[in-house]
Amino acid sequence: MPKVTLPGGEIREVASGSPVGELLPEGAICARVGDRLVDRSWPVEEDVSVEPVLASEPDGLHVLRHSTAHVMAQAVCDLYPGARYAIGPPIEDGFYYDFELPKQLTPEDLPAIEARMREIAAAAQPFVREELDRAGALGRFADQPYKREIVETAEADEGAMGERFSVYRNDGWADLCLGPHVPSTDRLAAFKLLSLAGAYWRGDEHRPQLQRIYGTAWATEEDLAAYLHRLEEAERRDHRKLGRQLDLFSFPEELGAGLLVWHPRGGLLRTAIEDFEREIHLASGYVPVFTPHPARSVLWETSGHLAKYRENMYPPMQAEEADYYAKPMNCPFHVLVYKSQTRSYRDLPMRLFELGTIYRHERAGVLHGLLRVRGGTQDDSHIICTEDQLVEEVLRVFDILQRIYLTFGFEDFVINLSTKPGEAIGEESMWRKATEALRLALDRSGLGYSVAEGEGAFYGPKVDFHARDAIGRLWQLGTVQCDYALPERFQMEYMGEDNERHRPVMIHRAILGTIERFTAVLIEHYAGAFPLWLAPEQVRLIPVADRHAEAAGGLAAMLRARGLRAEIDASRETVPKKIRAAQLMKIPYTLVVGDREIEAGTAAVRAREGAEVRGVPFDAFAEAAASGAARRALTGIDLASLVPAAP
RNA sequence: GCUGGCGUGGCGCAGCCUGGUAGCGCAAGCGAUUUGUAAUCGCUAGGUCGUGGGUUCGAAUCCCACCGCCAGCUCCA
């Protein structure tokens with residue numbers, strides 16, 4: 001009789017072949033045996049340790065969503081005879097299933113599918129696992145070409161299944177699936193279908209495009225409601241919407257897709273970002289360079305861009321019989337700066353910095369507000385150093401990068417080391433050395449990271465930084481790439497201490513990525529309510545009546561003299577209306593100026609978040625605001641502390 | 001690039017299905033009000049209905065192409 005070890009350490013003997021579910025609490029939707037998830041019906045045949053898996057824990061949610069995906073596919077097959085179903089995995093926060101259907105679905109079709117799903121759930125159909133051999137599986141899915149293809153292409157050694165294929169059946173509907181699943185459809189709890197999309201079979205754009213239905217599923221209605229609220233919150237933060245509301249930028253159709261103009265308020269925000277970047281780079285040993293936007297084709301031939309990156313480059317323009325390409329990257333230009341004279345080992349490391357504007361002909365479907373544009377400006381740098389200096393330089397990049405992110409209010413990162421991709425230039429030994437240098441620097445920095453195989457740039461491996469925003473989303477920002485290839489291609493050299501010529505190594509790095517993309521991330525992170533130092537308009541002055549306009553203008557001038565961005569709202573509207581306008585523009589501080597304030601030399605200050613504080617001495621406010629902005633503080637002014645205690 | 005949806009004054013929307021030459025709110029300008037912490041009242045002006053072609057006596061409305069946007073796929077900062 002097999003012995004089963006339960007979580008408390010209790011050991012139970014059970015009859016061989018009895019279902020593991022008998023040992024689990026009713027609420028467990030499946031079981032964890034060792035490091036494997038199994039159905040409640042899984043037969044115990046040897047000594048094992050078993051833990052229950054609840055719908056509320058990550059593994060359990062995964063199973064729940066997988067089962068919900070099955071039921072959705074079952075519902076679709078019920079409603080659309082002739083449907084062919086492909087794959088339907090759980091994903092973060094939900095699931096999807098891909099179909100080939102006799103009709104094109106529209107969002108109006110989703111409620112009917114959802115209603116059918118609820119009927120199936122209410123019917124409490126048990127999920128029954130069967131195992132078939134290859135021939136049996138092909139027979140079972142005779143009219144399902146996608147399932148047959150999965151069976152036909154499955155390698156004999158795939159998973160632990162060998163030549164066995166598991167099928168889960170509930171009622172008459174069956175799907176090829178490794179499992180596990182919930183024991184019965186009545187375990188499906190809170191779910192909702194969300195959207196439709198096209199998706200290529202097996203992710204290959206040369207294969208048929210299927211109809212994908214996305215849905216979400218949770219252990220409880222409360223969790224589902226919380227998730228839907230999160231979606232709404234994300235929509236509220238949408239930088240495209242806020243960009244219009246706050247009058248930061250626009251994408252005029254006349255410019256072409258992915259090209260934008262920055263409005264004055266966006267320009268002020270961008271200037272605040274760029275001023276900080278210049279300041280911290282110059283203070284950290286970087287030197288500024290400036291380079292043009294187009295260059296002759298020979299440059300791109302040498303760099304390898306025409307061979308490896310052409311599809312992302314704008315077509316060339318002709319002048320004087322030569323082809324000029326708009327630059328998709330800044331690196332070749334920085335190489336030319338380096339090569340403008342013979343370099344000594346004493347010149348290294350050389351850290352060239354540029355807010356460099358690049359043009360990439362991104363495929364039309366990927367453009368997305370500021371997050372993916374065709375013309376953008378990178379905070380780009382190329383560090384040219386000796387091989388010996390490489391690790392130290394990468395560590396210095398990690399340091400400046402963290403200081404910059406913290407200043408902008410990002411504290412939590414996910415880091416990836418991306419290795420050699422399929423399309424690559426340079427020799428294997430270069431790739432190995434470059435990858436090892438990055439790995440060594442990461443290990444020494446103490447930053448946690450994971451490895452993304454094959455995700456590197458065509459000229460070198462890279463470390464990517466993803467920042468977590470205020471509502472937990474991750475955004476890719478910085479990238480640090482280690483490159484032996486371009487120095488080779490451009491025949492870069494330096495004279496060593498030994499009086500011999502040597503080849504330097506190059507680090508490519510951007511910290512914010514592009515200013516456009518980073519601005520989008522900032523907008524979404526702060527929901528448009530920027531900290532004082534970034535706010536396009538930091539202080540708005542509201543005269544109570546016309547007779548106060550002159551005094552308010554004087555105060556605005558005093559604030560500007562301290563470097564603050566202050567505007568006066570002299571419109572002949574009521575105070576509440578002007579307050580509302582200032583709040584909608586998410587201006588950090590609004591000062592109402594009337595008789596009392598002019599008389600006492602104070603201000604009635606309303607912070608963007610929080611109530612008004614009257615009787616703040618104007619000079620104290622100006623001092624605190626100027627200081628907060630200059631320090632690039634992320635927290636607001638403690639207004640109450642500025643008010644003198646009543647005598 | 002692919003699949004589907006969408007495009008109406010600066011912004012947000014109605015009208016389109018069931019063709020008969022456009023309407024609402026906000027914003028703007030003007031007037032009255034001189035206002036004390038999220039919308040005072042009234043008046044006025046503003047639209048070749050994304051662009052081009054087609055069907056029709058007649059097109060915002062139906063059809064086609066292109067441009068742009070949106071959701072995904074593929075790609076990626």
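Only a predicted model underlies this, so the values are computations on that prediction, with no experimental measurement involved.
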**Message:** Give me each pair satisfying side-chain hydrogen bond (donor to acceptor under 3.5 Å, both in side chains) with a member in residues 265-274 of chain A, each pair once, sequence neighbours excluded.
**Reply:** R265(A)-E537(A), R270(A)-E274(A), R270(A)-T377(A), R270(A)-E516(A)
**Message:** Closer than 3.5 angstrom, by distance alone: can the side chain of Q538(A) be matched with the main-chain N or O of L564(A) as a donor-acceptor pair?
**Reply:** no
**Request:** Would you mind reading off the distance between L255(A) atom CG and C69(B) atom P, rounded to a whole angstrom?
**Result:** 11 Å
**Prompt:** Given the C1' atoms of U55(B) and C64(B), what is the spacing between them in whole Å?
**Reply:** 11 Å
**Request:** Treat primed atoms plus P, OP1 and OP2 as sugar-phosphate and everything else as base, then score nucleotides 35-44 of chain B 5' to 3': B for base contact with protein heavy atoms under 4.0 Å, S for sugar-phosphate contact only, - for none.
**Result:** BBBBBB----
**Prompt:** Salt bridge or not for R230(A) and D93(A), using N-O below 4.0 Å?
**Reply:** yes
**Asked** Is it true that R240(A) and D238(A) have a side-chain N and a carboxylate O under 4.0 angstrom from each other?
**Response** yes
**Request:** Provide the distance between the two C1' atoms, one in U51(B) and one in G7(B), to the nearest whole Å.
**Result:** 11 Å
**Prompt:** On a whole-Å scale, what distance lies between the C1' atoms belonging to C57(B) and C13(B)?
**Reply:** 33 Å
**Request:** For nucleotides U8(B) and U48(B), find the distance between their P atoms and express it as a whole number of Å.
**Result:** 13 Å
**Prompt:** For every nucleotide of nucleotides 70-77 of chain B, 5' to 3': is a protein heavy atom under 4.0 Å from its base (B), only from its sugar-phosphate (S), or from neither (-)?
**Reply:** SSBBBBBB
**Prompt:** With a 4.5 Å limit on heavy-atom distance, are the side chains of L193(A) and M117(A) in contact?
**Reply:** yes
**Request:** Quick one: pull up CG in L259(A) and OH in Y359(A) and give me the separation to the nearest 0.5 Å.
**Result:** 8.0 Å
**Asked** Under a 3.5 Å cut-off for both distances, is G25(B) Watson-Crick or wobble paired, and to whom?
**Response** C11(B)
**Base-pairing mate for U40(B) - Watson-Crick or G-U, with both contacts under 3.5 Å** = A32(B)
**Prompt:** Does any donor atom in the side chain of T291(A) or K327(A) lie under 3.5 Å from an acceptor atom in the other side chain?
**Reply:** yes
**Request:** Quick one: look up who G52(B) pairs with, Watson-Crick or G-U, both distances under 3.5 Å, and put none if it's unpaired.
**Result:** C64(B)
Could you pull out the protein-nucleic contacts involving nucleotides 12-14 of chain B (nitrogen or oxygen on both sides, under 3.5 Å)?
residue	atom	partner	partner atom	Å
G12(B)	OP1	R244(A)	NH1	2.9

**Distance between P atoms of G29(B) and G10(B) (Å, rounded)** = 16 Å
**Prompt:** Across the strands shown, which category fits G258(A) at heavy-atom distances under 4.0 angstrom: base, sugar-phosphate, nothing?
**Reply:** sugar-phosphate
**Request:** Round to the nearest Å and state the distance from E253(A) atom CD to C67(B) atom P.
**Result:** 11 Å
**Request:** Could you tell me which residues satisfy side chain to side chain contact (heavy atoms under 4.5 Å, CB included) with A622(A), sequence neighbours excluded, listed by chain and number?
**Result:** L559(A), R562(A), F618(A)
**Prompt:** Does U3(B) have a Watson-Crick or wobble mate here (both distances under 3.5 Å), and if so which one?
**Reply:** A71(B)
**Fill in**
With H508(A) as partner, the option from T479(A), D483(A), D380(A) fulfilling side chain to side chain donor-acceptor pair (under 3.5 Å) is D483(A)
**Request:** Assess R212(A) against Y96(A): is NZ or CZ under 6.0 Å from the centre of the six-membered ring, and within 45 degrees of the ring's axis?
**Result:** yes
**Request:** Could you check how far CG of L259(A) sits from C1' of C67(B), rounded to whole Å?
**Result:** 14 Å
**Item:** Distance between C1' atoms of G52(B) and G25(B) (Å, rounded)
**Value:** 33 Å
Show me the donor-acceptor pairs, under 3.5 Å and distance only, between side chains in residues 308-317 of chain A and residues at least two apart or in other chains.
residue	atom	partner	partner atom	Å
Y309(A)	OH	R360(A)	NE	3.3
Y309(A)	OH	R360(A)	NH1	3.4
R310(A)	NH2	Y325(A)	OH	3.1

**Message:** If I pick the P atom on A59(B) and the same atom on C63(B), what distance separates them, to the nearest angstrom?
**Reply:** 15 Å
**Message:** What's the gap between C62(B) and G19(B) when it is taken at their C1' atoms, as a whole Å value?
**Reply:** 8 Å
**N-O pairing of R396(A) and D399(A) below 4.0 Å** = no
**Prompt:** When we call it a touch if two heavy atoms are under 4.0 Å apart, what does A364(A) touch: a base, just sugar-phosphate, or nothing?
**Reply:** base
